[in-house]
Amino acid sequence: MALRLFNSRSRSLELFVPIEAAEVSIYVCGMTPSWHPHIGHARTFLTFDVLRRHLMAKGRKATYVQNITDIDDKIIERAAAEHEPWEAIVRRYYGEYEACARRLGLLEPDVSPRATEHVPAIIAMIRGLVESGAAYETSDGVYFAVERFPAYGRLSNRQIDELRAGARIAVREEKHDWLDFALWKKQKPGEPAWPSPWGDGRPGWHIECSALAREYLGDQFDIHGGASDLIFPHHENEIAQTESLTAREPMARIWMHAGLVMVDGQKMSKSLGNFLPLTTLLDRYPAAAIRFLFLQTGYRKPTNFTEDAVEAAVKGLRGLYAELDALRLRSSNGRPALSGGSSDSAFDDFEAYLDDDLNTAGALGWLQKTMRGGLVTPTLVDRCLNVLGLPLRGADAGFDSPSREVRLDEPARRALRELTDDRPASDAALVERVLALRGAARTAKDFATSDKLRAALAAAGISIKDTKDGTDWSLDGHR
RNA sequence: GGCGACAUAGCCAAGUGGUAAGGCAGAGCUCUGCAAAAGCUCCAUCCCCAGUUCGAAUCUGGGUGUCGCCUCCA
């Protein structure tokens, strides 16, 4: 089986042939921690997480570099707005990202390099570009001269002249060309700065990725990824910088871009500010359901994110685990689940979907169909779930386990206390106590009392369900 | 205006020449004191028009529509 990936640069599906067969090198643009991580970050990094898992399942080692752009205009703005040092802003929001990444089950990058810790490498690269004439200095910085790079526009399929035609009236530009972009920004009062041959300042956006990718993966590597909003200008500029300097192309064999997430049919963006922090979302829904949601869609398609969609994903995932439990039960009862074909060939079927440009939606459909038909063993399902990064058990995904930590609001607590004689220590114990009373009433067939207690719990925001193993309960809106 | 992507049931979504995966919702049934959960069953001819072909959701041409990028963004 051979992996085929859609290469943005050629706009076609290509057979993936790594530079070195055994080890794949991947660079993905990470986040600029100037604000809360959002659902779009989750989609992008989930995409590349599945790519890594799939490569690993195929027996390849993947070196994965995901940078942190820890200095830029937005961070400086944010720091000013919050009256804090820029480092504190970075620490807060990147820390938040890391927590979300853990909850989503993202494999840790092999390297998470920071722009500010690689200023010398960045300066060296800019110096090289200046010396070769591809960049020039002005009073406020150092700029890359786009006209010196003939392939400019190839990734984003754009004609340089057309880009120029769309230019706004330049106000203060000392730039030779409207398209030229900053490699180095000279310090303005109050801004953080690092020393350089062009005076104190900081790296422009774009150069850090060129420098970091080169530092850890070399002049040329296999896959460069990010979300599709980075194609222009960010990735276009990266290519211009790196390939001008090294005179080797392509910088990356395959350029992969994840589709954007929209909210309520509208593009989500920093400037519109129309997004929910990821943390809030993960507090409301199981992280595995968020992963499942995106696995159901091709990674390149723009996706409209809605509450309904997450809720459908929660239900769908719960159903998958129910199916899996049933399969495990059947197979432990001595009924060999597999009728025809070996387990390996079934896994091949599964992998074939992922080989087809990471068709996770198709893979998921296949998995559910074969599970229902009893055509796979639980062990095989486990392997598949591992590749997709989903927990192997529903309980680990946040299903089926009652909330142990509960905080009732005061009126609810008072109402429940009136129903019992003793004074349980915690809210959870209080709920358990009321449930016990209801259980007793049910045993005595006193359904009037039983229903009254159910209603009281519902009023306190607790929903319950009877199962053959006892009564399960949860706070509404959780799990 | 330029470039690009997409258009499959109420919703989400696979499928790239051989007669429409999967999920959610909905309907029916089983189970059930109630409420859930779970199980079984049912539920589309693929935006429009014209072609190519024995055969097209899948290829070609022409429409229409939606979205994205062209400015900070995953």
Side-chain angles (χ1 to χ4, degrees), chain A residues 8 11 13 28-32 34-35 37-48 66 69 72-74 77 97 153 156-159 161-168 179 205 225-234 236 257-262 265-273 275 278 292-293 295-298 300-306 308-320 322-323 325-326 353 356 359-372 400 441-442 445-448 450-451 454-455 458 463-469 471-473:
Chain A
S8 303
R11 278 170 295 285
L13 224 45
V28 171
C29 290
M31 79 172 296
T32 300
S34 63
W35 195 231
H38 54 65
I39 187 69
H41 291 112
R43 209 263 251 249
T44 298
F45 299 126
L46 241 12
T47 296
F48 293 101
Q66 183 180 309
T69 301
D72 96 317
D73 296 356
K74 289 273 193 252
E77 271 173 35
Y97 165 78
S156 54
N157 194 29
R158 235 146 253 185
Q159 300 299 316
D161 293 344
E162 285 162 2
L163 287 170
R164 287 206 185 95
R168 319 285 152 86
L179 290 171
W205 185 41
S228 55
D229 55 350
L230 295 182
I231 294 175
F232 188 90
H234 186 58
E236 195 72 69
H257 291 99
L260 299 183
V261 176
M262 297 183 292
Q266 207 189 13
K267 189 196 135 155
M268 176 175 65
S269 73
K270 275 189 186 170
S271 54
L272 293 173
F275 65 82
L278 233 198
F292 186 72
L293 174 67
L295 289 172
Q296 286 178 299
T297 306
R300 290 195 284 131
K301 272 196 159 186
T303 293
N304 192 21
F305 183 86
T306 61
D308 284 355
V310 204
E311 267 155 30
V314 170
K315 288 176 185 168
L317 223 209
R318 184 189 290 140
L320 188 149
E323 197 71 54
D325 285 342
Y353 282 97
D356 180 19
N359 183 357
T360 51
L364 228 32
W366 174 88
L367 188 62
Q368 306 211 42
K369 189 176 59 174
T370 50
M371 276 167 73
R372 178 153 300 185
D400 304 322
R442 291 178 72 219
K445 304 241 183 241
D446 178 4
F447 297 125
S450 164
D451 286 345
R454 171 196 285 280
S463 58
I464 59 183
K465 87 181 172 187
D466 296 322
T467 72
K468 47 185 178 300
D469 302 320
T471 299
D472 201 2
W473 59 276

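Every chain is numbered from 1 and lettered A, B, ... according to where its sequence line falls, protein lines coming before strand lines. Heavy atoms only: backbone and side chains are in, while hydrogens, waters and symmetry mates are out.
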| How would you label the contact of A:Gly319 with the nucleic acid (heavy atoms, under 4.0 Å): base, sugar-phosphate, or nothing? | nothing
| request: Using atom CZ of A:Arg318 as one end and atom P of B:rA37 as the other, report the distance to the nearest whole Å. | output: 7 Å
| query | Given the P atoms of B:rA27 and B:rG65, what is the spacing between them in whole Å? | reply | 37 Å
| query | Where the side chain of A:Thr360 meets the backbone of A:Leu295, is there a donor-acceptor pair that is under 3.5 Å apart? | reply | yes
| note | To the nearest angstrom, the CZ-P distance between A:Phe292 and B:rC12 comes to 16 Å
| Partner of B:rG65 by Watson-Crick or G-U wobble geometry, both contacts under 3.5 Å, or none? | B:rC6
When the side chains of residues 362-370 of chain A are checked against the rest of the protein, which donor-acceptor pairs come out under 3.5 Å, sequence neighbours left out?
unit_1, atom_1, unit_2, atom_2, d
A:Thr370, OG1, A:Trp366, O, 2.9
A:Thr370, OG1, A:Leu367, O, 3.0

| field | Distance between P atoms of B:rC47 and B:rU58 (Å, rounded) | value | 8 Å
| What is the distance from CH2 of A:Trp366 to C1' of B:rA21, rounded to the nearest Å? | 13 Å
Check: protein-nucleotides 13-15 of chain B nitrogen or oxygen pairs below 3.5 Å:
unit_1, atom_1, unit_2, atom_2, d
B:rA14, OP1, A:Gly298, N, 2.9
B:rA14, OP2, A:Lys301, NZ, 3.3
B:rA14, O3', A:Asn359, ND2, 2.9
B:rG15, OP1, A:Asn359, ND2, 2.7

| message | Going by the rule salt bridge (Lys or Arg N to Asp or Glu O under 4.0 Å), which residues pair with A:Glu323 if we only count those two or more places apart in sequence or in a different chain? | response | A:Arg372
| message | Check whether A:Arg43 reaches the backbone of A:Gly259 with its side chain - one donor and one acceptor, N or O, closer than 3.5 Å. | response | yes
| task | Find the partner of B:rA21: check Watson-Crick (N1-N3 plus N6-O4 or O6-N4) and G-U wobble (N1-O2, O6-N3) distances, both under 3.5 Å, and reply none if neither fits. | result | none
| said: In whole Å, I'd like the distance from the CD atom of A:Glu311 to the C1' atom of B:rC24. | reply: 11 Å
| said: Categorize A:Val28 for me: base, sugar-phosphate, or nothing, with a 4.0 angstrom heavy-atom threshold over every strand shown. | reply: nothing
| field | Ring-face cation contact, A:Phe447 with A:Arg442, 6.0 Å cut, 45° max | value | no
| query | If you look at every strand shown and take non-hydrogen atoms under 4.0 Å, does A:Gly40 touch a base, only sugar-phosphate, or nothing? | reply | base
